[in-house]
Amino acid sequence: MGQALHTTRWHVLMDPESVAHEAAFRILTAAETAIAERGIFRIALAGGHTPERAYCHLAKADADWANWEIYFGDERCLPANDKERNSVMAADTWLDFVPIPSSRVHPIPVELGAEQAAEEYARLVREALPFDMVLLGMGEDGHTASLFPGQEHPKDELVHAVHNAPKPPPDRITLSAEALGDTRQILLLVTGSSKRPAIQAWCQGEPVPIGRIEGMSPMEVLTDQKAGL
Ligand code: 6PG
């Protein structure tokens with residue numbers, strides 16, 4: 001049996017809305033704890049569509065937003081205001097509606113080009129580690145952030161430039177597996193039947209990218225019944 005069953009805590013919820021609700025609750029709870037203990041909550045956000053509902057819940061939540069600091073697990077090399085950019089999605093569904101100081105929201109500067117943006121963001125990430133929480137999604141092939149099957153990256157990098165990504169757009173920037181794992185908590189959101197084969201492959205020990213992420217505590221996985229174990 002793969003390490004997925006040993007270093008991971010699975011929570012199968014009714015549907016995507018229940019997953020979103022639970023995710024928002026866990027993020028807000030983690031923030032309260034981090035701010036009480038360290039005065040700040042540093043979170044790296046997931047992209048894709050699955051976290052959108054949770055972000056919409058956070059947009060309506062009451063929290064100590066002044067002490068949140070926002071990073072991104074990955075970004076797509078697209079024009080600044082492109083709706084397909086993960087930072088634009090997060091702003092449109094959540095960040096534009098809460099008073100997190102703009103100096104504490106750190107989009108990945110993809111407009112610099114993948115290599116330079118990766119270098120720049122690595123400097124920022126190095127200062128921030130360990131995160132308090134890393135939020136992840138997962139693709140049908142078991143990829144997470146922009147860490148795709150069959151793509152290797154230099155081990156000493158905290159942030160990678162990605163080319164020829166199998167999921168459009170081809171050029172992306174992603175935090176490394178090490179940086180995504182340098183966190184107090186990891187929360188993975190997976191919904192929909194199309195993701196079930198990847199979850200099964202992961203649990204059977206197949207080397208899918210999501211399996212490379214290991215944090216300080218067991219990964220918490222929120223799935224709906226369609227995707228779940
Ligand atoms: C991205 C994401 C990617 C995403 C998965 C799942 O930029 O595309 O970071 O890793 O989390 O592909 O995407 P969905 O949530 O849209 O299914």
Side-chain angles (χ1 to χ4, degrees), residues 13 15-20 22-24 27 43-58 70-95 106-111 114 117-118 121 125 131 133-151 153 159-177 179-181 183 186-199 201-202 208-213 219-228:
L13 304 165
D15 52 26
E17 184 49 33
S18 313
V19 167
E22 180 67 18
I27 294 166
I43 182 170
L45 301 185
H49 295 297
T50 306
E52 288 180 12
R53 284 172 193 244
Y55 294 167
C56 291
H57 285 301
L58 291 168
I70 306 291
Y71 300 82
F72 290 84
D74 72 328
E75 186 58 281
R76 303 151 177 205
C77 294
L78 295 168
N81 303 316
D82 191 303
K83 291 241 171 269
E84 289 302 311
R85 272 184 64 158
N86 293 332
S87 54
V88 173
M89 178 274 284
D92 288 352
T93 54
W94 167 27
L95 303 175
H106 307 291
I108 301 178
V110 295
E111 47 284 347
Y121 210 63
V125 166
F131 293 116
M133 182 175 267
V134 166
L135 192 60
L136 295 172
M138 187 194 77
E140 281 85 358
D141 59 1
H143 78 259
T144 191
S146 288
L147 297 169
F148 292 97
Q151 293 202 334
H153 300 283
V159 183
H160 308 309
V162 175
H163 300 291
N164 307 314
K167 178 183 177 182
D171 298 325
R172 294 159 165 263
I173 293 153
T174 187
L175 269 58
S176 67
L180 292 169
T183 179
I186 301 175
L187 187 59
L188 170 64
L189 312 183
V190 185
T191 61
S193 54
S194 67
K195 306 279 176 79
R196 182 178 278 247
I199 287 204
W202 181 21
V208 286
I210 186 62
R212 289 193 226 139
I213 317 295
M219 182 188 294
E220 304 282 349
V221 184
L222 306 184
T223 74
D224 65 354
Q225 287 179 343
K226 288 195 176 140

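First listed ligand is number 1; within each ligand, the first listed atom is number 1.
When heavy-atom distances to ligand 1 are checked against a 4.0 Å cut-off, L136 has no atom that comes that close, whether in backbone or side chain. Proximity of T50 to ligand 1, defined as any heavy-atom pair under 4.0 Å, is shared by backbone and side chain alike.
Distance from atom 6 (C) of ligand 1 to its nearest protein heavy atom, with residue and atom name: M138 O, 3.4 Å. Nearest protein neighbour of atom 1 (C) of ligand 1, counting heavy atoms only, is R76 NH2, 3.3 Å. Protein heavy atom in closest approach to atom 5 (C) of ligand 1: H143 NE2, 3.4 Å. Of all protein heavy atoms, the one closest to atom 2 (C) of ligand 1 is D74 OD2, 3.6 Å. In terms of protein heavy-atom proximity, atom 16 (O) of ligand 1 is nearest to H49 N, 2.8 Å.
Between the side chains of S194 and E140, a donor-acceptor pair is found at a separation under 3.5 Å. H57 and E17 share a side-chain donor-acceptor pair at under 3.5 Å. The closest side-chain donor-acceptor pair between D74 and S146 falls under 3.5 angstrom.
For the pair L136 and L187, the minimum side-chain heavy-atom distance is 4.5 Å or more. Counting heavy atoms from C-beta on, the side chains of M133 and I186 never come closer than 4.5 Å. Here the side chains of D141 and K167 are not in contact, with every heavy-atom distance at 4.5 Å or above. By the 4.5 Å heavy-atom criterion applied to side chains, Y121 and V110 are not counted as neighbours.
Within the structure, ligand 1 has A145 among the residues with a heavy atom less than 4.0 angstrom away. Close to ligand 1: K195, with a non-hydrogen atom less than 4.0 angstrom away. Ligand 1 has R172 within reach: a non-hydrogen atom of the residue lies less than 4.0 Å from it.
Any N or O atom pair closer than 3.5 Å counts here, and S146 shares no such pair with ligand 1. Taking distance alone, with nitrogen or oxygen atoms compared against 3.5 Å, T144 stays at or beyond that limit from ligand 1.
Of the listed options G47, G192, P209, A46, G47 places a heavy atom closest to atom 11 (O) of ligand 1. Considering only non-hydrogen atoms, atom 13 (O) of ligand 1 lies nearest to K167 out of E52, M89, K167.
Between the side chain of Q225 and the backbone N or O of L13, no donor-acceptor pair lies under 3.5 Å.
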E75 and R85: CA distance, side-chain angles, deciding distance, salt bridge (charged side-chain N to carboxylate O under 4.0 Å, His left out) verdict | CA-CA 6 Å; E75 186 58 281; R85 272 184 64 158; 3.7 Å; yes
